[in-house]
Number of protein chains: 2
Amino acid sequence: MVTMQDVAERAGVTKQTVSNVISGRVAVRPATAARVRAAIDELGYTPNLVARSLATGSTKTVGLFVPTVGGAFYSEVVETAEDVLEEHGYHLLLCTTRLDGERARRHLAGLTSRSVDALLVAGDRDLIDHLPLLADARFPVALCAWETDAPVDFPVVTIDYEHAGFLAGRHLRELGHERVAVLTSPDHAPRVAGFRRAFAADGLTVPDSAVHIAAEPSAAGGYAAANEAFAADPALTAIFATHDILSPGVLEAARAAGRSVPDDLSLVGHDDDPEVRSGLGRPALTSVAVPTRDMARQAVELLLRALTKSGTVVNSLQLLRPELIVRDSTCPPRSARA
Amino acid sequence: MVTMQDVAERAGVTKQTVSNVISGRVAVRPATAARVRAAIDELGYTPNLVARSLATGSTKTVGLFVPTVGGAFYSEVVETAEDVLEEHGYHLLLCTTRLDGERARRHLAGLTSRSVDALLVAGDRDLIDHLPLLADARFPVALCAWETDAPVDFPVVTIDYEHAGFLAGRHLRELGHERVAVLTSPDHAPRVAGFRRAFAADGLTVPDSAVHIAAEPSAAGGYAAANEAFAADPALTAIFATHDILSPGVLEAARAAGRSVPDDLSLVGHDDDPEVRSGLGRPALTSVAVPTRDMARQAVELLLRALTKSGTVVNSLQLLRPELIVRDSTCPPRSARA
DNA sequence: CTGAAAGCGCTTACAG
DNA sequence: CTGAAAGCGCTTACAG
């Protein structure tokens, strides 16, 4: 392999001068700089990043932990993180934790060994117990996409999920709905709380009997949960599904039950998942859109800022505001029309 | 940061001895080894991987290029690659190329600088033009998930897509179908060729007019392409969709056209995508399942083998066999029943 | 079984 | 503006 020393000899200078023309941090006489550059081209020299890392103490890579890489949400997080990192000349070291705490712990331990300049941990369900391992990390750490129990020891950039639920609830309230159901997952408590707050603002209560946990995050899970909701309250006029992945199942269950959407049943989703947004002969979904890319970008930039500004991380909680996108799956209940 | 030297002083030995007990490659007297280990624990020492990399010339990380990280197929590739790497103590450096050749080229150039021990390139559509950049890479390179024009300069581990198409075609032929259509993408030529081969074996031709390119890989794309196929040949009795992502749209189009599946129309998919496999009130999909995980595992292991066995890469093309999974969306055509 | 030496390829002050 | 020196933290032969 061709080294900086080789280039130096070829150009008739010392390797420090080569280093200087490459880094550009020290002025070099144009003539010798040109000679150096010529030598670099002729030899096809490319700097050894590992040696540079050892000398500078920076690897120019940041680690990203995500529960999984499949699915619209986390794949956006990964791709956005990569984009931002690339803009700043950083590489991405990826670890998918698969909701497996032990696996996460192993990876965490691996990173501690100084192969990463900073670490972004996305998603909350798995490695919360192992976060203390990071307390004395030698590099900045930030968290994103955290919904419940955001740890206070690290900066967190996430979605205001409570507000997301509120937006869904307020929309249904404004349309005049009173008997509603929520289809959700155990991890989405804040969304449910926000939804309830919207109803509480009008003196209405969303009882526990109207909140149904979907057995799995899929169309099938949504289908079963919707039927459960219909059984629990045949008079309901609207449903809030706390993730869009459930929505196709809800629509199908409505069709099977002879309820037309939105005339007999309004449906508000969450995530604005593009894959389920338009349903082919089904109404386009009203949904709460979360600014996933903004979130990922903010989180990575926070980390990168900490890297340049002498490691000062401001420990803050940043909540990005979701937005309600009204489409065709919601309208006033029959009682409010007539 | 605590260094090997610190541990050595604490244990009253030199750093070489510490290195020896850590690596285990040179025998150390049990008593002193114990003292070293104690010192490591007390100091919380963890070796600096960058320094080790510079000394050994190995970074213990392999790069993975994928077009995207979303979608069932590539997310499986990524997660499997990560699993295999982890088993062998390697890290994953991820680059998503987004079907953007220029972006891929930049990343490629970045990696050349020796921060990766090996490179796996998955997917074919984007960086085929830039592959020559890798010709003189200083690390082993392998390709996977390549469907068309697999380069001959690198080992390739991929799916036998031609055989996949053949399996779909043979299945329909065995059921007795003669008038069929193919819904596909420009990248899936081998699948179409294999499908045609199955018909050709019985002296039948699948005309170009029966092959429809879906405008986009989505349910909507499948919907439109299916309607096109119905218009082109109202008498068709079966459809082969070369990726499952089209299938929900095909089913919906069939429903809209009053064709019941499988009675009036058989449908064979490809990929066995779990997300569309079971359709809630729709027939479960007959599909050609591709061994994605096996493929990714083989490719990574090939690379890892090259790394240990003194860089000897056997330049071969390995084709993994797909498998037909018969479910409820196919049956003999009416003409063959009665 | 343990220590002294050299080296991996770069960068960073520091002289000239 | 350019060169000589030291150092980043490890590993790898090589003596003892």
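Here is the naming used below: chain letters follow the sequence lines, and residue numbers restart at 1 for every chain. All values below come from the heavy atoms of this structure, side chains included, with hydrogens, waters and symmetry mates left out. In this text the structure is predicted, and so the values were computed from the model without any measurement.
Nucleotides of DNA chain C that come within less than 4.0 Å of any heavy atom of chain B span, from the 5' end to the 3' end, C:dC1 to C:dG9.
At a threshold of 4.0 angstrom between heavy atoms, the contacts of B:Thr32 are confined to the sugar-phosphate backbone, with no base atom among them.
At a non-hydrogen distance threshold of 4.0 Å, nothing from residues 35-43 of chain A comes into contact with DNA chain D. Contacts between residues 10-18 of chain A and DNA chain C, counted as heavy-atom distances below 4.0 Å, involve A:Lys15, A:Gln16.
A:Arg52 pairs with exactly one of A:Pro47, A:Ser19, A:Ser58, A:Ser23 by the side-chain contact (heavy atoms from CB on, under 4.5 Å) rule, that one being A:Pro47.
Here the side chains of B:Arg297 and B:Glu87 are in contact, with some heavy-atom distance below 4.5 Å. At least one side-chain heavy atom of A:Leu108 sits less than 4.5 Å from a side-chain heavy atom of A:Phe65. Side-chain contact between A:Leu92 and A:Thr61 is absent, with no heavy-atom pair separated by less than 4.5 Å.
Expressed to the nearest 0.5 Å, how far CD1 of B:Ile159 lies from CD of B:Gln318 amounts to 10.0 Å.
Sorted by first and then second residue, the side chain to side chain donor-acceptor pair (under 3.5 Å) pairs with a member in residues 101-110 of chain B read A:Glu82-B:Arg103, A:Asp83-B:Arg103, A:Glu86-B:Arg103, A:Glu86-B:Arg106, B:Glu102-B:Arg105; sequence neighbours excluded. Contacts classified as side chain to side chain donor-acceptor pair (under 3.5 Å) and involving residues 29-42 of chain B (residues at least two apart or in different chains) are given here: B:Arg10-B:Glu42.
A:Cys144 and A:Ala299 make their closest contact through CB-CB, 4.0 Å (heavy atoms, listed as atom of the first residue, atom of the second, distance).
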Can you run through DNA chain C from 5' to 3' and write each base as (, ), [, ], | or . depending on how it pairs? Watson-Crick or G-U wobble, both distances under 3.5 Å.
|||.||||||||.|||
